Structures are given as structure tokens and as C-alpha cells.
Amino acid sequence: MSSAPPTAQERGRLGSKLSGAAVALGCVLFLGGFVWGAIVYQPYTVPTESMSPTIGAGDRVLAERIDGSEVRRGDVVVFKDKAWGDLPMVKRVVAVGGDKVACCTDGKLTVNGKQIDEPYLKPGTSASPSGIPATTVPEGRLFLLGDERSGSLDSSVHLEDVGHGSVARGNVDARVDAVAWPMDGMLAGPEGFEQLPGGISQPGPLPLVLGAIVVGAVLVLGGAAYGPLARRLHQRRDGSRELAGVG
């Protein structure tokens with residue numbers, strides 16, 4: 001014998017349970033995504049045009065909290081250094097401890113003799129208008145430049161300082177993953193450094209964080225909407241039956 005199909009009341013109870021489960025799961029994902037993001041990421045406002053065109057003055061960025069030992073060539077980092085004013089600054093790492101950096105060869109930066117393609121610079125501009133004499137970066141330190149090379153107070157103007165303009169890895173607080181406002185999204189990967197030893201960094205978990213928040217919001221809204229929609233559908237069915245009975 002075949003079992004009887006579920007009644008409307010049974011289907012309603014099942015739907016209510018599923019919608020409740022969707023709302024509960026959605027809340028976990030939505031709130032969990034925000035908590036995860038708050039733990040992993042720190043927002044910063046970039047005050048100058050020194051990272052233009054990658055990041056403009058006044059842009060809000062999301063930077064992943066990392067240890068300085070995790071920094072690789074091509075990373076855009078947030079750091080503080082007393083010799084540079086001891087305020088949070090945002091620059092791009094172009095060389096690490098032991099590297100020999102110089103500019104320019106055919107208008108390009110060289111690291112350990114390799115010309116580096118830097119598509120994030122303004123088209124047609126030199127990697128360093130004033131040039132950079134061959135400099136060996138001390139171990140445990142980083143050589144940093146702004147993407148706006150003609151107006152950035154970076155390692156190229158601190159060459160006479162201790163460490164030849166470099167910054168200690170321990171001074172790095174975070175690595176920029178994305179521009180949150182305006183909503184330019186994730187920074188492009190610095191492929192020009194990919195062939196050097198150690199490669200380049202992988203993006204942080206920001207896409208997963210945002211995905212959890214979006215999916216959570218959809219589940220909460222969808223689950224919460226089930227009850228009103230089900231009642232409206234039920235009322236329409238009852239009204240149709242009544243009209244059919246009158247006819």
C-alpha cells in the first residue's frame with residue numbers, strides 16, 4: 001500500500017521548521033562573518049595620493065592583520081616607523097632582506113638584476129623619476145615604494161637613513177587586501193614579483209568572509225519571508241475554492 005500524501009497542515013509544519021532552520025543558519029553565517037572579518041581585518045583610511053592609482057587619497061582599505069615575517073615582495077602593507085614620522089603609512093614592498101634593488105633599467109625597477117613589470121603604475125611613467133642607486137636591503141628589513149613614484153615619501157628618499165631607507169619587518173601591522181570605499185574590490189596580484197624566490201602572497205579570506213555575510217543575509221530574509229508568503233498563498237487558495245463553490 002502506498003502511504004497517503006502529506007496534508008496541507010503537515011506541509012505547513014515542515015515548511016515552518018525548514019524556514020526556522022534557514023533563519024538560524026543564516027544568523028550564524030551573517031554574524032559569524034562579521035566577527036571573523038573584525039578579527040582578521042582592520043580598516044584604514046589612506047590620507048595621501050602616494051599609492052595612486054592603486055589607492056587614492058581618502059580611500060578606505062581593508063588590511064589583513066599579519067606578522068611581519070609573512071610579508072612578501074609586491075605586498076601593499078600598513079606600517080609605522082619612527083624615522084618616517086611614526087604614523088600609519090601604506091606602501092608597496094618591492095624588496096626584502098638580502099635583495100639588491102635599483103632603478104632604472106629601461107625605465108623599470110630591478111630586483112636582484114631582474115626587471116620587474118609593475119602594471120599598477122601610471123602608464124608611461126618611469127619606475128623612479130629620480131633613480132635609485134643599487135642598494136642591498138639588510139636582513140629582516142623591507143624596501144618600500146609608493147605606486148605614485150614621483151610624489152611618495154618612501155624608501156627612495158630615506159636612503160641616507162639607517163638601513164638604507166628600509167623598514168623592519170616587525171613594524172608591519174597589516175597587508176592590504178581590498179579597497180572598501182570606493183568599492184574597487186580586491187587588489188590585483190603583483191605578478192611581476194612572482195618569479196622571484198618565495199613568490200607572492202595569496203589573498204586573505206576576505207571573499208569567504210563576504211560570502212558568509214551575503215549567504216547568511218539571504219537565508220535570514222528568505223526564511224523570515226516564508227511565513228507571510230505561505231499565509232498569502234493559503235488565503236488565495238481558500239478564496240479560489242470559495243469562488244469555485246459559488247460557481
Side-chain angles (χ1 to χ4, degrees), residues 15-48 50-81 86-94 96 120 140 142 144 146-147 167-191 193-194 198-227 229:
S16 295
K17 289 181 180 179
L18 291 176
S19 67
V23 170
L25 178 58
C27 287
V28 171
L29 290 173
F30 186 77
L31 296 176
F34 272 110
V35 171
W36 186 12
I39 292 173
V40 176
Y41 286 94
Q42 174 72 38
Y44 291 92
T45 299
V46 178
T48 70
S50 68
M51 282 300 295
S52 176
T54 306
I55 306 170
D59 286 1
R60 292 282 285 179
V61 300
L62 291 177
E64 181 184 5
R65 294 182 174 93
I66 61 169
D67 185 81
S69 62
E70 302 175 53
V71 175
R72 298 183 182 182
R73 303 176 192 89
D75 288 347
V76 176
V77 298
V78 181
F79 67 97
K80 287 193 296 185
D81 188 278
D86 205 24
L87 295 172
M89 303 186 73
V90 179
K91 304 291 180 188
R92 188 181 297 271
V93 176
V94 298
V96 298
Y120 40 78
L142 306 167
L144 305 109
D147 286 357
V167 170
R169 282 183 175 270
N171 290 355
V172 172
D173 295 320
R175 178 175 55 220
V176 177
D177 259 3
V179 178
W181 186 262
M183 293 183 286
D184 292 340
M186 301 290 289
L187 298 190
E191 286 83 3
F193 297 92
E194 198 167 15
I200 59 177
S201 298
Q202 296 302 309
L206 184 58
L208 293 177
V209 171
L210 295 177
I213 293 172
V214 170
V215 171
V218 170
L219 287 174
V220 170
L221 293 174
Y226 170 80
L229 290 175

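Nothing here was measured: the structure is a model prediction, and the numbers come from that model. Residue indices begin at 1 and follow the sequence shown.
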Distance check, rounded to the nearest 0.5 Å: Glu70 atom CD versus Gln202 atom CD? 13.0 Å
Give, for atom CG of Leu62 and atom CG of Leu210, the distance between the pair rounded to the nearest 0.5 Å. 8.0 Å
Quick one: which of Val167, Val77, Val172 gives a side chain to side chain contact (heavy atoms under 4.5 Å, CB included) with Val93? Val77
For Asp75, what residues pass the salt bridge (charged side-chain N to carboxylate O under 4.0 Å, His left out) criterion, not counting sequence neighbours? Arg175
Which heavy atom of Pro190 sits nearest a heavy atom of Arg92, and at what distance? CB-NH1, 4.1 Å
Taken to the nearest 0.5 Å, the spacing of Ile213 CD1 from Leu29 CG works out to 10.0 Å
Heavy-atom closest pair (Pro43 atom, Arg60 atom, distance to 0.1 Å) is CB-NH2, 3.5 Å
Shortest non-hydrogen pair, Glu64 vs Gly204, comes out as OE1-CA, 3.4 Å
Residues Leu206 and Ala178: closest non-hydrogen pair is CD2-CB, 3.6 Å
Main-chain N/O of Val71 paired with Arg169 side-chain donor or acceptor, under 3.5 Å: yes
Between the main-chain N or O of Ala174 and the side-chain N or O of Arg65, is there a donor-acceptor pair closer than 3.5 Å? no
Any idea which heavy atoms bring Phe193 and Val94 closest together, and the distance? CE2-O, 3.4 Å
Are any non-hydrogen side-chain atoms of Met51 and Val76 less than 4.5 angstrom apart? yes
Minimum side-chain heavy-atom gap Phe79-Leu142 below 4.5 Å: no
Distance-minimising heavy-atom pair for Pro205 and Val40: CG-CG1, 4.0 Å
So, using side-chain contact (heavy atoms from CB on, under 4.5 Å) as the criterion, who are the partners of Leu208 when residues are at least two apart? Trp36
So which of Asp59, Ile55, Val176, Val78 actually passes side chain to side chain contact (heavy atoms under 4.5 Å, CB included) with Tyr44? Val78
Atom OG1 in Thr54, atom CG in Asp147: separation rounded to 0.5 Å? 3.5 Å
Kindly compute the distance separating CG (Asp67) from CG (Asp173), expressed to the nearest 0.5 Å. 10.5 Å
